[in-house]
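Report on the following structure.
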Amino acid sequence: MPIKLDYQDPNVKLVARIAGGLFGSMVSPSKPSVHMVLLIQDLYSGFLGIDGQLDPTFVMHGYISLKTGFYDNVLPTRILPAWPVKPNPLNNFLGGGKTIVARSLEIPIDPPPRMSSRDFAKRLITNAKGFNRFITPYSVPKNLGGSVMRPREYNSSSYLSGLLQSVMGYVPKIYIDGYQTPGWENPIPREYFSPDRYA
């Protein structure tokens, strides 16, 4: 399916689902981990979802890597509702270097200063398509169900924080009440998202 680059007035946001589905809920029932998906959408082109996914290409050799996943006008399954089960009095806060405190599980991401929303969307798609899927091994958090990764280990949250960093120059800090995002603190290095690989 085609991946459009002609979003006219796009907005970018993060949505989430429970990482690992039912198993993930059982591992850490009090504060489950979430798998984030980046959505780029406008009124003209619809929407495109981007996330980091397991690549089983080399699983027979004991190696599992990460690859880019695209959702072209089809939402991933089991996306959590926009409002949490437990109410939170905090509002969303945005800004470079500030923590985005989410009352909603839809977290808007603004482009960095002096970058248009259209250029922001195009660069995110270009860098996602240029991701080097063969050199980034997948890892689980330190202590299964834990809130952080070991140094230089990456998962799907590391993929998205790395993708955003490759375009924005920094990783937006996020906090979602009642959930955890292990791997967000370990962004995949920006050189792994090479626009030169885009065709």
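If you're wondering where the values come from, they're calculated on a predicted model, not measured in any experiment. Values below: all heavy atoms of this structure, side chains included; hydrogens, waters and symmetry mates excluded.
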*What's the shortest heavy-atom distance between L54 and K67, and which atoms?*
O-CE, 3.7 Å
*L124 and L164: CA distance, side-chain angles, deciding distance, side chain to side chain contact (heavy atoms under 4.5 Å, CB included) verdict*: CA-CA 7 Å; L124 287 168; L164 288 168; 3.9 Å; yes
*Can you measure from CD1 (I174) to OG1 (T181) and round to the nearest 0.5 angstrom?*
4.5 Å
_S158 side-chain N/O to N155 backbone N/O, donor-acceptor pair under 3.5 Å_ = yes
*Quickly, which of N11, D9, I40, D110 forms a side-chain contact (heavy atoms from CB on, under 4.5 Å) with S117? Name it, please.*
D9
_Worked check of side chain to side chain contact (heavy atoms under 4.5 Å, CB included) between V167 and F120_ = CA-CA 7 Å; V167 176; F120 185 39; 3.7 Å; yes
*What heavy-atom pair brings G49 and V37 nearest, and what distance separates the two atoms?*
CA-CG1, 4.2 Å
*Quick one: pull up CE in M115 and CE in M168 and give me the separation to the nearest 0.5 Å.*
8.5 Å
_Worked verdict on I107 versus I176 for side chain to side chain contact (heavy atoms under 4.5 Å, CB included)_ = CA-CA 9 Å; I107 306 173; I176 306 175; 3.8 Å; yes
_Gap between atom OH of Y175 and atom CH2 of W184 - 0.5 Å precision_ = 16.0 Å
*Hey, mind stepping through F70 and I50 against side chain to side chain contact (heavy atoms under 4.5 Å, CB included) and telling me if it holds?*
CA-CA 5 Å; F70 288 109; I50 302 172; 3.9 Å; yes
*State, to 0.1 Å, how close N186 and E153 come at their nearest heavy-atom pair, and which atoms those are.*
ND2-O, 3.2 Å
*Do F47 and N73 have side-chain heavy atoms sitting under 4.5 Å apart?*
yes
_How close do G52 and H35 get, counting heavy atoms only, and between which atoms?_
O-CE1, 3.3 Å
*asked:* Just verifying a value: how many Å separate S161 OG and E185 CD, rounded to the nearest 0.5 Å?
replied: 8.0 Å
*F131 vs F193 aromatic rings, parallel, tilted or perpendicular, using cut-offs 30° and 60°?*
tilted
*asked:* Testing the basics here: between P108 and E106, what is the closest heavy-atom pair and its distance to 0.1 Å?
replied: CD-O, 3.5 Å
*Search all heavy atoms of V34 against all heavy atoms of A16 and return the closest pair with its distance.*
CB-CB, 3.9 Å
_Interatomic spacing from CG in N132 to CG in L66 - rounded to 0.5 Å_ = 11.5 Å
*Apply side chain to side chain donor-acceptor pair (under 3.5 Å) to the pair Y159 and T68, showing each step before the final yes or no.*
CA-CA 8 Å; Y159 171 90; T68 298; 2.7 Å; yes
